[in-house]
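Just so it is clear, the model here is predicted, and its values are computed rather than measured. In what follows, every chain begins at residue 1, and chains take the letters A, B, ... in the order their sequences are listed.
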Amino acid sequence: MVHFTAEEKAAITNVWGKVNVEETGGEALGRLLVVYPWTQRFFDSFGNLSSASAILGNPKIKAHGKKVLTSLGEAVKNLDNLKATFSKLSELHCDKLHVDPENFRLLGNVLVVVLAIHFGKEFTPEVHAAWQKLVTGVASALAHKYH
Amino acid sequence: MSLTKSDKTIIASIWSKIATQADCIGTEALERLFTSYPQTKTYFPHFDLHHGSAQLHAHGAKVVSAIGDAVKNIDNIKSALAKLSELHAYILRVDPVNFKLLSHCLLVTVAAHFPADFTAEAQAAWDKFLTIVSSVLTEKYR
């Protein structure tokens, strides 16, 4: 089980408090689809994904990105209990959505890059490391119920 | 996976920014690597890895300089990094998984330093580029 130190928890909640969930979610999901185009396979019904600007401006992508990042907010509130927090979502991603867990790792890393863009110097190696731990923990929790 | 004309233009443009702070970028990328992925320190038992260490700075400069060589020879990265490829295969033998980790830390560093320039397209081009560099460096492993 992932264990966060007090410093790591502080780094995570501090950053999270300043995140615009709607914008950051859309940005992260959009970049995932741009940087790793094969991830578009899950979004055939989302409309125009023909270019980077189309993807980043796509309202369905923005809305879905917001949904995904809101869910990460739950992780931030339950750092000591990620597996339980994401239990139902894990089942959903396996049984209904059929998403390879590798995609959770890719999205987690893209999110970290987006945070670096927004926070710059403030996103120190230590703060960065805390977030890597979080996204790894969330990815692992989301994969936990796979069978 | 190969670089389009557009990728190459973006890569060169971002490189020109990186070049203005090359040593710092390299050093910071390594610091991020060692902080986020402590297991990577196992390749540097002979180094002082504390923030501000001269060895860390020198090594960061070396890493970014090699990336610069790849940028300047973007149509023949294999040839530009041939010696480094042999070094990693026969002497250093860094497990291939670590190239992904360092590449990611480099992207995070560049993103933090040049937020306005690090567009989604720039991220895509550089992610692709670093993947190619990594595969050149691990090509002779077996």
*Under a 4.5 Å heavy-atom cutoff, which of B:Ala116, B:Pro38, B:Ala112 has the most pairs with chain A?*
B:Ala112
*Is there any residue in residues 123-133 of chain A with a non-hydrogen atom under 4.5 Å from a non-hydrogen atom of chain B, and which ones are they?*
A:Phe123, A:Thr124, A:Pro125, A:Glu126, A:His128, A:Ala129, A:Gln132
*Say whether B:Glu28 and B:His113, considering side chains only, have a donor N or O and an acceptor N or O under 3.5 Å apart.*
yes
*Checking B:Phe34 against chain A: side chain, backbone, both or neither under 4.5 Å from a heavy atom?*
neither
*May I ask you to check whether B:His88 and B:Phe99 place their ring centres under 6.0 Å from each other?*
yes
*Where does A:Tyr36 contact chain B at under 4.5 Å (heavy atoms): side chain, backbone, both or neither?*
side chain
*If you tally heavy-atom pairs under 4.5 Å against chain B, which of A:Ile55, A:Asn109, A:Leu115 wins?*
A:Asn109
*Could you give me the CA-CA distance, side-chain angles and deciding distance for A:Asp95 and A:His147, then say whether side chain to side chain donor-acceptor pair (under 3.5 Å) is met?*
CA-CA 9 Å; A:Asp95 300 330; A:His147 61 97; 2.8 Å; yes
Side-chain atoms of residues 42-51 of chain A: list all donor-acceptor pairs with protein atoms under 3.5 Å, sequence neighbours left out, distances to 0.1 Å.
unit_1: A:Asn48; atom_1: OD1; unit_2: A:Ser50; atom_2: N; d: 2.9
unit_1: A:Asn48; atom_1: OD1; unit_2: A:Ser50; atom_2: OG; d: 2.6
unit_1: A:Ser51; atom_1: OG; unit_2: A:Ser53; atom_2: OG; d: 3.3
unit_1: A:Ser51; atom_1: OG; unit_2: A:Ala54; atom_2: N; d: 3.1

*Which residue out of B:Cys105, B:Ala125, B:Pro115 racks up the most heavy-atom pairs below 4.5 Å with chain A?*
B:Pro115
*Side-chain contact test, heavy atoms from C-beta onward, threshold under 4.5 Å: evaluate it for A:Trp38 versus A:Leu106 and give yes or no.*
yes
_Side-chain touch A:Lys18/A:His118, heavy atoms, less than 4.5 angstrom_ = no
*Classify the angle between the aromatic ring planes of B:Phe47 and B:Phe44 as parallel (below 30°), tilted (30 to 60°) or perpendicular (above 60°).*
tilted
*Among side-chain atoms of B:Lys100 and B:Ser134, is any donor-acceptor pair under 3.5 angstrom?*
no
